[in-house]
Structures are given as structure tokens and as C-alpha cells.
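It should be emphasised that the depicted structure is a prediction, and the values quoted were computed from it without experimental measurement.
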Amino acid sequence: MEKLISFLREYTEFFEQMQLKQQDKLEHLASKDLKQIEETIVLQQAMDKQMENMEKQRGELLDSMGYSGCTFKELIDNSAEEEKSELLTLYGRLGEAIDNVKFINQKAVKMAQTELARMGVSTSGLTGNPSGVYKPAAGQRRNLFEKKI
């Protein structure tokens with residue numbers, strides 16, 4: 001379980017760093033400085049690839065430990081008492097970072113769409129992921145934050 005907790009620490013820190021980078025991205029979009037915006041696009045692509053790799057690692061680690069398909073909450077519920085506290089802390093930090101990344105991305109998308117509309121470019125035909133956040137393929141979408149209802 002220590003290997004999983006260590007990975008989840010790294011995973012959480014990655015999303016906290018991503019949150020800071022997303023804030024920078026928003027500021028670069030607001031600046032309308034093309035060079036900064038281009039650098040931001042390259043950085044976003046690198047972060048997306050890094051996230052994809054971390055998701056793959058997470059899935060493989062959970063599979064190897066027999067936790068395939070478990071939510072983060074289920075991991076906490078099935079962990080030993082001495083591990084629950086740290087897992088709960090990581091769960092809270094990770095959830096907050098992911099929520100902030102989503103919020104910042106939504107603001108960035110709206111800002112970009114507004115600027116494109118101001119320039120007379122229609123954004124209705126644009127496709128892709130509107131949140132700006134990497135989403136794994138449908139077969140890999142089992143997220144640590146999925147809720148069972």
C-alpha cells in the first residue's frame with residue numbers, strides 16, 4: 001500500500017502544479033501576447049502527455065494491487081487505519097486541485113471564445129474537448145472520483 005500512497009502523493013502534486021500552470025495559461029490568454037500564448041499551448045500539450053502517462057501508471061498500479069476499478073473513496077474504505085488519514089488528506093487535496101483546474105480551464109475557454117468572436121471567428125464549428133483537460137479513452141475513464149449512485 002505504501003507504493004500506492006507514494007504514487008498518489010506524486011499524482012496529487014502533479015495536479016497541484018497543473019493548477020498553477022493553468023492559472024499562468026489564463027494570465028497569458030488575458031495578456032494577448034502571441035508568444036506567451038504559443039508557449040502556453042506547448043506547455044499544455046506536454047502536461048496533457050504527462051497526465052496521460054500518469055493515468056496509465058495509476059491504472060497499472062491499481063491493477064497490480066488488485067484494486068482495479070476502485071474509486072479513491074473505496075481505497076480509503078479498504079485501507080488500514082494508519083493509512084486512512086493520509087489517504088483522506090490526499091483525496092481532499094487532489095479533489096480541490098482537479099476542481100480548480102476545471103474551473104480555470106472553463107474560464108480560459110470562455111476567454112478564448114470571446115476573443116475569437118470579437119475577431120469575427122465562429123467558434124460553433126470547433127470540436128474537441130471543451131474543458132481543455134485530457135480525458136482518457138472511454139475504456140480508461142474509470143476515475144478515482146467516480147461516485148456510485
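Both I5 and L94 sit in one connected hydrophobic cluster of ILVMFWY residues. Membership requires side-chain heavy atoms under 4.5 Å apart, directly or through other members.
Residues forming a side chain to side chain contact (heavy atoms under 4.5 Å, CB included) with Q17 (at least two apart in sequence, or on another chain): L20. Judged as a salt bridge (Lys or Arg N to Asp or Glu O under 4.0 Å), and not counting sequence neighbours, the contacts of K35 are E39. Applying the salt bridge (Lys or Arg N to Asp or Glu O under 4.0 Å) rule to E16 yields the partners R93; only residues at least two apart in sequence or on another chain are considered. Remark: E38 pairs with no residue by the salt bridge (Lys or Arg N to Asp or Glu O under 4.0 Å) rule, at least two apart or across chains. By the side chain to side chain contact (heavy atoms under 4.5 Å, CB included) test, Q36 pairs with H28, S31, D33, sequence neighbours left out. Applying the side chain to side chain contact (heavy atoms under 4.5 Å, CB included) criterion to K84, with sequence neighbours excluded, gives I76, S79, E81. Scanning for side chain to side chain donor-acceptor pair (under 3.5 Å) contacts around E86 gives R9, with sequence neighbours left out. Every residue two or more places apart in sequence or in another chain that forms a side chain to side chain donor-acceptor pair (under 3.5 Å) with S68 is listed here: D63. Partners of Q45 according to the side chain to side chain contact (heavy atoms under 4.5 Å, CB included) rule, which considers only residues two or more places apart in sequence or in another chain, are I41. Partners of F7 under the ring pair (Phe, Tyr, Trp, His ring centres under 6.0 Å) rule, at least two apart in sequence or in another chain, are Y11. Contacts of E82 classified as salt bridge (Lys or Arg N to Asp or Glu O under 4.0 Å), with partners at least two apart in sequence or in another chain: none.
Inter-residue side-chain proximity for D24 and L43 is flagged as unmet; no heavy-atom pair is nearer than 4.5 Å. For the pair M1/Y67, a side-chain contact is recorded, criterion being any heavy-atom separation below 4.5 Å from C-beta on. A heavy-atom distance below 4.5 Å is not found between the side chains of Q22 and Q19. Side-chain contact between L4 and L87: absent, with no pair of heavy atoms (C-beta onward) separated by less than 4.5 Å. Counting only heavy atoms from C-beta outward, the side chains of N105 and K25 approach each other to under 4.5 Å. Y91 is not listed as a side-chain neighbour of L75, based on a closest heavy-atom distance of 4.5 Å or more.
Contact detail for M51 and F15: the closest heavy-atom pair is SD-CZ, 4.0 Å. Taking each heavy atom of L90 and L8 in turn, the nearest pair found is CD1-CB, 4.0 Å.
In Q57, the CD atom is crowded: over 12 heavy atoms of neighbouring residues, nucleotides or ligands sit closer than 6.0 Å.
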Does the side chain to side chain contact (heavy atoms under 4.5 Å, CB included) test come out yes or no for T12 and T89, once each step is laid out? CA-CA 10 Å; T12 299; T89 299; over 6 Å; no
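The backbone N or O of E2 lies less than 3.5 Å from no partner atom in the side chain of S6, so there is not a single donor-acceptor pair.
Side chains of Q44 and D48: a donor-acceptor N/O pair is present below 3.5 angstrom, by distance only.
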